[in-house]
Number of protein chains: 2
Amino acid sequence: MAVKLKDELKAAGRRLTRPRQAVLEVLEQCQYPLTASELYQQLQEHHVSIDLVTVYRTLTVLKELGLITQLELHQEGQFRYEIREGREHHHHIRCQGCGKIADLLLCPLKKLTAFIEKETRFIVEHHSLEFSGWCPKCQ
Amino acid sequence: MAVKLKDELKAAGRRLTRPRQAVLEVLEQCQYPLTASELYQQLQEHHVSIDLVTVYRTLTVLKELGLITQLELHQEGQFRYEIREGREHHHHIRCQGCGKIADLLLCPLKKLTAFIEKETRFIVEHHSLEFSGWCPKCQ
DNA sequence: TTCTCAACTGCAAGAGAGTTGCAAAAAGAA
DNA sequence: TTCTTTTTGCAACTCTCTTGCAGTTGAGAA
Ligand SMILES: [Mn+2]
Ligand SMILES: [Mn+2]
Ligand SMILES: [Zn+2]
Ligand SMILES: [Zn+2]
């Protein structure tokens with residue numbers, strides 16, 4: 001992934017820097033999508049000192065390079081980011097109690113998209129689908 | 001609807017006021033869900049002078065009474081509100097060009113919810129599903 | 001109708017996520 | 001090492017939404 005980062009940056013005329021490597025590493029090791037400030041905290045715990053503004057700018061760059069995905073969970077009011085490498089398009093479920101986020105490794109919307117395009121005459125480009133509820137521990 | 005508002009307010013020990021009537025009227029007449037500031041603008045156009053803070057507080061009350069629904073469209077960064085009366089649970093599609101929002105009078109997620117509950121052992125309470133793309137005019 | 005008081009409103013200030021301007025620092029090519 | 005361009009950190013800012021508080025108003029009681 002580090003190699004891929006370097007190549008993608010170079011191809012885009014951008015530079016390989018400490019913050020970009022560090023942010024990508026944290027996201028690689030995390031099992032669930034992180035917010036900018038969660039990422040910032042984790043960096044501090046790893047004794048990597050990067051300004052929060054730089055975290056935001058880095059996330060924008062990594063997203064532009066197609067290395068991470070930005071997502072929005074319902075009613076959270078902030079973005080989350082996760083590594084794209086090796087993960088197909090999928091959706092999430094979040095526990096209303098503890099905030100635990102789990103992947104749903106499926107997308108049931110292909111047929112529905114075709115139907116909606118026919119009915120509305122829109123051309124569908126994106127969709128967003130998330131569930132929330134109670135995880136086993138919080139029930 | 002005006003009668004229903006009065007009754008619901010009374011039942012909740014709350015009062016019937018000008019802002020509450022005006023906000024509900026604007027939402028009743030609108031064909032698509034409005035943000036707080038769109039609502040505020042429309043009120044001003046109708047020469048109803050209500051502070052934006054009061055609009056927010058009014059939306060909270062109407063939501064608590066179950067008269068309106070709060071929703072969040074993907075990537076918009078603000079809430080929208082629509083009248084609940086006479087409308088079943090449904091979803092939306094928004095045009096990335098002009099911002100037009102259309103209702104999708106369907107919900108395809110009942111079976112999927114049961115499947116997810118079995119797979120994840122979460123109990124699903126809410127879901128959010130929206131589409132975005134290009135409306136006929138913007139294509 | 002008038003009185004009374006809790007509910008409500010407007011204004012100012014604040015919170016939280018994210019963005020922008022700018023000078024100083026660092027990457028990387030020559 | 002030098003030079004140019006990109007990147008960073010800091011401060012200030014934007015935008016949506018919330019909170020505190022003093023003055024106003026709705027509506028039940030007298
Ligand atoms: Mn995921
Ligand atoms: Mn609708
Ligand atoms: Zn999908
Ligand atoms: Zn649904």
Side-chain angles (χ1 to χ4, degrees), chain A residues 2-3 5-24 26 33-44 47-65 67-81 99, chain B residues 2-3 5-24 26 33-44 47-65 67-81 99:
Chain A
V3 176
L5 173 62
K6 193 173 181 180
D7 293 350
E8 294 280 353
L9 285 168
K10 192 164 187 180
R14 323 207 68 160
R15 291 171 186 179
L16 181 62
T17 64
R18 198 82 206 304
R20 288 169 185 176
Q21 294 176 78
V23 166
L24 199 62
V26 171
L34 293 173
T35 65
S37 61
E38 284 170 354
L39 201 33
Y40 179 68
Q41 281 174 257
Q42 292 218 13
L43 288 164
Q44 292 201 312
H47 303 96
V48 180
S49 163
I50 301 175
D51 194 89
L52 180 59
V53 174
T54 300
V55 172
Y56 278 111
R57 288 196 271 228
T58 300
L59 289 168
T60 302
V61 171
L62 296 178
K63 189 176 62 172
E64 283 169 9
L65 297 179
L67 298 176
I68 63 176
T69 302
Q70 183 189 57
L71 56 119
E72 239 182 323
L73 299 187
H74 197 238
Q75 303 278 3
E76 270 208 326
Q78 59 194 308
F79 294 113
R80 289 185 175 273
Y81 300 84
Chain B
V3 175
L5 173 61
K6 193 173 181 181
D7 293 349
E8 293 281 352
L9 285 168
K10 193 166 184 179
R14 323 207 69 159
R15 292 171 186 179
L16 181 63
T17 64
R18 197 84 206 303
R20 289 170 186 176
Q21 294 177 78
V23 166
L24 199 63
V26 171
L34 293 173
T35 65
S37 61
E38 284 170 354
L39 201 34
Y40 179 68
Q41 281 174 256
Q42 292 219 14
L43 288 164
Q44 292 199 313
H47 304 96
V48 180
S49 163
I50 300 175
D51 195 87
L52 180 59
V53 174
T54 301
V55 172
Y56 278 109
R57 288 196 271 227
T58 299
L59 289 168
T60 303
V61 170
L62 296 178
K63 188 177 63 174
E64 283 170 10
L65 297 179
L67 298 176
I68 63 176
T69 302
Q70 184 189 55
L71 55 118
E72 240 182 322
L73 299 187
H74 198 49
Q75 303 277 2
E76 271 207 327
Q78 60 194 308
F79 293 113
R80 290 185 175 271
Y81 300 85

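So that the names make sense, note that chain A is the first sequence line, chain B the second, and so on, each numbered from 1. Note: hydrogens, waters and symmetry copies are ignored here, and every other heavy atom, side chains too, is used.
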d([atom1], [X]; [atom2], [N]) in whole Å:
{"X": "B:R80", "N": "D:dT16", "atom1": "CZ", "atom2": "P", "value": "11 Å"}
{"X": "A:L39", "N": "C:dA17", "atom1": "CG", "atom2": "P", "value": "14 Å"}
{"X": "A:L34", "N": "C:dG18", "atom1": "CG", "atom2": "P", "value": "13 Å"}
{"X": "B:Q41", "N": "D:dT16", "atom1": "CD", "atom2": "C1'", "value": "14 Å"}
{"X": "B:E64", "N": "C:dC8", "atom1": "CD", "atom2": "P", "value": "10 Å"}
{"X": "B:Q70", "N": "D:dT18", "atom1": "CD", "atom2": "C1'", "value": "13 Å"}
{"X": "A:L16", "N": "C:dG28", "atom1": "CG", "atom2": "C1'", "value": "11 Å"}
{"X": "A:F79", "N": "C:dT19", "atom1": "CZ", "atom2": "C1'", "value": "12 Å"}

> What about B:R15: does its side chain form a donor-acceptor pair under 3.5 Å with the base of C:dA6?
Replying inline: yes
> Among residues 51-59 of chain A, which contact DNA chain C at a heavy-atom distance under 4.0 Å?
Replying inline: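 DNA chain C contact set from residues 51-59 of chain A: A:V53, A:Y56, A:R57.
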Quick one: does [X]'s side chain get under 4.5 Å of [Y]'s, heavy atoms only?
{"X": "A:E38", "Y": "A:Q78", "value": "no"}
{"X": "A:T54", "Y": "A:V23", "value": "no"}
{"X": "A:L5", "Y": "A:L62", "value": "yes"}
{"X": "B:I68", "Y": "B:L24", "value": "yes"}
{"X": "A:Q70", "Y": "A:L59", "value": "no"}

> Between B:K10 and B:T35, which is nearer to the 5' end of DNA chain D once each is assigned its nearest nucleotide?
Replying inline: B:T35
> Nearest to the side chain of B:T17 - C:dG18, C:dT9, D:dC17?
Replying inline: C:dT9
> Of the candidate nucleotides C:dG18, D:dT4, D:dT8, which contains the atom at the shortest distance from the side chain of A:R20?
Replying inline: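 Of the options given, the side chain of A:R20 lies nearest D:dT8.
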> Can a salt bridge be assigned to the pair B:R20 and B:E8 using a cut-off of 4.0 Å between side-chain N and carboxylate O?
Replying inline: no
>> Using heavy-atom distances to pick each residue's nearest nucleotide on DNA chain C, tell me which of B:G13 and B:S49 is more 5'.
In response: B:G13
>> With a 4.0 Å cutoff (strictly under), does any side-chain N or O of B:R14 reach OP1 or OP2 of C:dC8?
In response: yes
>> Return the CD to OG1 distance between A:Q21 and A:T58, rounded to the nearest 0.5 Å.
In response: 11.0 Å
